[in-house]
**Student:** 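Please read through the structure below; I'll follow up with questions.
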Amino acid sequence: MAVFTPVSDKDAQALLTQYNLGSLVSLQGISAGIENTNYFLDTTQGRYVLTIFEVLTHQQLPFYIELMHHLAQHSVPVPEPQTQRNGERLTTLHGKPCAIVSRLRGRHESDPGVTHCRLAGATLAQAHLAGRDFMLQQPNLRSLPWWQEVIPKVLPFLSAQQAALIQAELATQTRFFASAEHAALPSGPAHCDLFRDNVLFDGDHEHPSMGGFIDFYFAGCDAWLFDVAVAVNDWCIHRADGSWQPELLQAWLHAYAQVRPFTPEEKQAWPLMLRAAAMRFWVSRLYDFYRPREAETLQPHDPSHFERVLQARIQAGAPQLP
Ligand SMILES: Nc1ncnc2c1ncn2[C@@H]1O[C@H](COP(=O)(O)OP(=O)(O)OP(=O)(O)O)[C@@H](O)[C@H]1O
Ligand SMILES: N[C@@H](CCO)C(=O)O
């Protein structure tokens, strides 16, 4: 179980005195997730999730917490951060930042079909549009400057071939990010980690309904197209080699475009953005793999998967955006 910071019933009872959420019924550690400590927290008033932030600081967190609050207020299905009696939505537990958010219904779909892809695509476009008048600004902290910082640290662990690939791609992406083409892309608050395990669906496999998006703790202001690229690089591929499942890709992108049509600049930037999105997770997975932290149980994701996705995007590109 990825519980980095154990929380006792007594801790949770004391925490709940800061809120108007009733009293503790049950507390259960959540095994999924590699970044934060999460517990399901049931009270006499409802079902919540308690998150203790292991990496993010009190200074960085208001962006994520207030973004979720903003999106929830605009009817985008996301966890709603709960407000304490003192008006704050962020507090401290065992010396670390912590929040209680509403628990969404449903579970993630590891084998998504066309309907799941349509629902996810349409909801992401709604989230982008709803974020336009969000007042806080914070860049995606896992973007190009972070890759530039981290790649030298993981290079010693890579083969000569891997090192050549990652360095060549870093050079390509550095040029792309500095280009007028990139500057012209519509941008705003973006989830930046919309993998299939971060979207919950209610209903059964044949008749799913959207439960909501979770795990906003990599969100940041970025090109919306990056968000789309991150998502389809996970939702619409054959996992064995990263190649496309064209039917899923088409469903995802059309559903998104029906809510927010893609611009000509986005259509042009699409192949390079898909590579950027693959690069982002190859780098972070390498970093996580070679700097394991202590946890009761921790299984870092496989970095080589995104090496294959990146190679697939370089070699075969992508169908045009609708
Ligand atoms: N608001 C919520 N409502 C319902 N379930 C939730 C909620 N938040 C988290 N979960 C559950 O907890 C699991 C882990 O949460 P999450 O993915 O946010 O953890 P994390 O450590 O931040 O993840 P990651 O490793 O993906 O960064 C999810 O897969 C989901 O089952
Ligand atoms: N979605 C990320 C994990 C961080 O949320 C990955 O699969 O590497």
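Values below: every heavy atom of this structure, side chains too, minus hydrogens, waters and symmetry copies. Remember, it's 1-based here, ligands and their atoms both numbered in the order they're listed.
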**Student:** Please confirm whether Asp193 comes within less than 3.5 Å of ligand 2 when only nitrogen or oxygen atoms on both sides are compared.
**Tutor:**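 By distance alone, the answer is yes.
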**Student:** Would you please determine whether Phe306 falls within less than 4.0 Å of ligand 2 on a heavy-atom basis?
**Tutor:**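 Per 4.0 Å heavy-atom rule, Phe306 does not contact ligand 2.
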**Student:** Should Asp222 and Arg142 count as an ion pair when the cut-off is N to O under 4.0 Å?
**Tutor:**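 Looking at Asp222 and Arg142, the cut-off is not met.
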**Student:** I'd like to know whether the aromatic ring centres of Tyr287 and Phe157 sit less than 6.0 Å apart in this structure.
**Tutor:** no
**Student:** Answer with yes or no after comparing the ring centroid distance for Tyr256 and Trp224 against a 6.0 Å cut-off, counting only values under it.
**Tutor:** no
**Student:** Considering Asp215, Val199, Val49, which one's heavy-atom position lies nearest to atom 26 (O) of ligand 1?
**Tutor:** Asp215
**Student:** Hey, is Ile214 touching ligand 1 through its side chain, its backbone, both or neither, going by heavy atoms under 4.0 Å?
**Tutor:** side chain
**Student:** Answer yes or no for His108: is there a heavy-atom contact with ligand 1 below 4.0 Å?
**Tutor:** no
**Student:** When you compare ligand 1 with Tyr217, is there at least one nitrogen or oxygen pair between them that comes in under 3.5 angstrom?
**Tutor:** no
**Student:** Is ligand 1 less than 4.0 angstrom away from at least one heavy atom of Gly106?
**Tutor:**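 The answer is no, since Gly106 has no heavy atom less than 4.0 Å from ligand 1.
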**Student:** Identify the heavy atoms of Ala99 and Ile65 that sit nearest to each other, and give their distance.
**Tutor:**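 Smallest heavy-atom distance, with atoms named: CB-CD1, 3.9 Å.
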**Student:** Taking only Lys NZ, Arg NE, NH1 and NH2, and the carboxylate oxygens of Asp or Glu, determine whether Lys96 and Glu54 approach each other closer than 4.0 Å.
**Tutor:** yes
**Student:** Do we get Arg313 above Trp244's six-membered ring, with its NZ or CZ under 6.0 Å from the centre and within 45° of the axis?
**Tutor:** yes
**Student:** Could an N or O of ligand 2 be found under 3.5 Å from any N or O of Asn198, whether backbone or side chain?
**Tutor:** no
**Student:** Closer than 4.0 angstrom: is that true for some heavy atom of Leu200 and an atom of ligand 1?
**Tutor:** yes
**Student:** Numbering the atoms of ligand 1 from 1, which are under 4.0 Å from a heavy atom of Pro79?
**Tutor:**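 The list of qualifying atoms is 1 (N).
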**Student:** So, regarding Ser102 and ligand 1 (criterion: nitrogen or oxygen to nitrogen or oxygen, under 3.5 Å), is there a contact or not?
**Tutor:** yes
**Student:** Is the Lys NZ or Arg CZ of Arg275 less than 6.0 Å from the centre of Phe176's six-membered ring, within 45° of the axis?
**Tutor:**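 Not satisfied by the 6.0 Å and 45° rule.
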